[in-house]
Amino acid sequence: KRSGRKSKFETGRSLWIDNEGPLEQTDDSEVESIDQDEIFDLIRSIADPEHPNSLEELRVVSAEQIDVGQNHVTIEFTPTVPHCGMSTLIGLSIRVRLLRSLPQRFKVDIKVKPGSHQSELAVNKQLNDKERVAAALENPALVETLEKCLETAGMQSELYD
Amino acid sequence: MDVDLPYELQLVTDLRGHEERAWQIAWNPVEPLLASCSADKSVRLYNYQPSNESLKFSHIHSIPTGHTKTVRSLAWSPSGKTLATGSFDSNVGIWEREGGHDGDEEAADWECMTLLEGHETECKSVAYSSSGTLLASCSRDKTVWVWEVHPDSDFECMGVLMEHTQDVKCVAWHPSEEILASASYDDTIKLYIDDPSEDWFCFSTLTGHKSTVWALAWSPKGSYLASSSDDLTIKIWKRVAEHKWECALELKGHERSIYSISWGKGKTGEESLGWLASTGGDGKINVWDIREPPESSTGRVLSHKLIATLSSAHDVSDVNSISWCPREGFEDLLATAGDDGSVRVWKVVPSH
């Protein structure tokens with residue numbers, strides 16, 4: 001189901017206001033619960049910006065590093081090296097993937113694993129500043145790079161379908 | 001609803017129309033006009049008229065703006081005749097109405113009188129000084145610009161202030177003096193004045209917030225400045241000398257970033273410093289009544305009382321902006337803008 005979806009950048013639709021989210025098929029009255037594994041399925045196949053591997057293969061993300069509440073998700077990821085210059089991009093790709101896939105009620109926090117990055121605070125701050133994220137997603141060059149990472153994001157789910 | 005508070009927020013209207021996240025609203029200080037801006041790059045204008053003991057809001061105009069990216073910020077000049085827009089495309093637009101005066105709003109067209117270029121990256125906030133002779137803008141490029149407003153939409157840059165070490169999120173002018181405040185991703189607040197023989201300069205840095213300072217609001221009489229932050233607190237800074245401000249109070253009451261605050265006169269009388277409204281990523285609106293301690297008391301702590309609160313003000317969405325109507329007789333009217341693209345207007349009414 002998910003794999004056939006066109007990017008919103010291609011369709012010219014809003015990144016933020018999504019009334020057709022694939023997981024949002026229930027009535028407002030019944031709140032669908034989503035677990036760790038489902039979130040993991042959404043992000044495990046995102047491609048690393050520098051390697052020909054997925055975030056799961058590089059152990060950047062794992063199900064254990066995902067914490068899900070009723071309306072809240074916290075994702076921790078582990079950069080491959082402590083000086084990884086791509087950490088912000090990886091975090092942003094996770095954020096965009098979830099923005100496009102999760103029901104709107106979810107507030108998402110994304111952080112690097114404590115101690116795993118030399119600029120941990122700076123990376124975390126940037127990834128969770130919605131204004132900077134919004135502005136980044138209006139930068140065509142960045143979006144192009146981001147779309148490459150996200151091209152493969154639906155693949156894992158395809159296997160399960 | 002949550003607890004027994006003396007007031008509650010009554011929804012006056014829910015204004016839909018933006019196709020994407022609504023970032024900010026601005027009440028015209030003179031006319032019955034409310035403007036909103038959005039990631040959809042447009043500005044929407046609504047007027048409001050009394051109707052059956054309530055107010056009827058009507059959409060009267062949309063400005064496509066021509067900004068190539070999100071319109072992040074809005075500010076009316078004190079005369080109510082000019083609207084400034086700050087965009088992620090790094091420019092500031094200056095808009096005035098052409099034709100359609102004398103109440104015939106719908107015939108009016110809003111034209112871009114000038115485009116202020118100078119910022120290198122996203123403009124995050126714009127603000128007019130109380131006299132309307134100065135305009136400030138700030139950006140992710142870490143600078144704050146002060147522009148002098150000349151006749152015929154001519155603007156002259158009076159200073160580029162490079163005091164912050166990071167993204168500048170908000171600029172706010174003192175309600176009567178030419179004092180400018182700016183808030184930043186570097187967790188600080190800076191205050192500036194004009195040196196008549198030199199340039200604009202920073203005379204004070206307020207530190208204490210532990211994360212990004214998102215918003216600023218001066219008290220109606222200008223003796224206090226409120227700031228709201230990603231550290232989930234609101235701080236109120238008291239003017240203790242002409243150029244000296246000290247933290248006098250810290251308020252807590254939000255679970256996520258506090259994106260916006262507004263300080264209005266309120267309706268609880270002269271003893272009050274007014275009503276401070278706040279909102280943010282938790283979707284909640286809080287309204288506090290702020291008072292000075294009695295003169296006889298030795299403590300310097302301001303008294304504060306939460307008088308109204310509302311959760312899920314825009315359903316599940318973040319609320320990005322909150323603003324009290326500045327016009328006389330409308331001191332109990334609040335507007336909010338949310339990630340759901342909607343603009344909501346609220347009236348603070350006594351609880352039943």
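Sequence lines set the chain letters: A, B, ... in the order given, protein chains first and strands last, and positions in each chain run from 1.
Among the candidates Asp315(B), Asp230(B), Asp318(B), the residue making the largest number of heavy-atom pairs closer than 4.5 Å to chain A is Asp318(B).
Within a 6.0 Å sphere centred on CZ of Arg59(A), heavy atoms belonging to other residues, nucleotides or ligands number 12 at most.
In this structure, the portions of Ser211(B) lying under 4.5 Å from any heavy atom of chain A include both its backbone and its side chain. Contact of Asn320(B) with chain A is made through the side chain alone, with heavy-atom distances under 4.5 Å. Contact annotation for Tyr185(B): both backbone and side-chain heavy atoms come within less than 4.5 Å of a heavy atom of chain A.
At least one donor-acceptor pair under 3.5 Å links the side chain of Thr145(A) to the backbone N or O of Ala141(A). Using modelled atom types, no side-chain atom of Ser125(B) and backbone atom of Cys138(B) make a donor-acceptor pair closer than 3.5 Å.
For Lys125(A) and Asp167(B), the salt-bridge test fails: no basic side-chain N is under 4.0 Å from an acidic carboxylate O.
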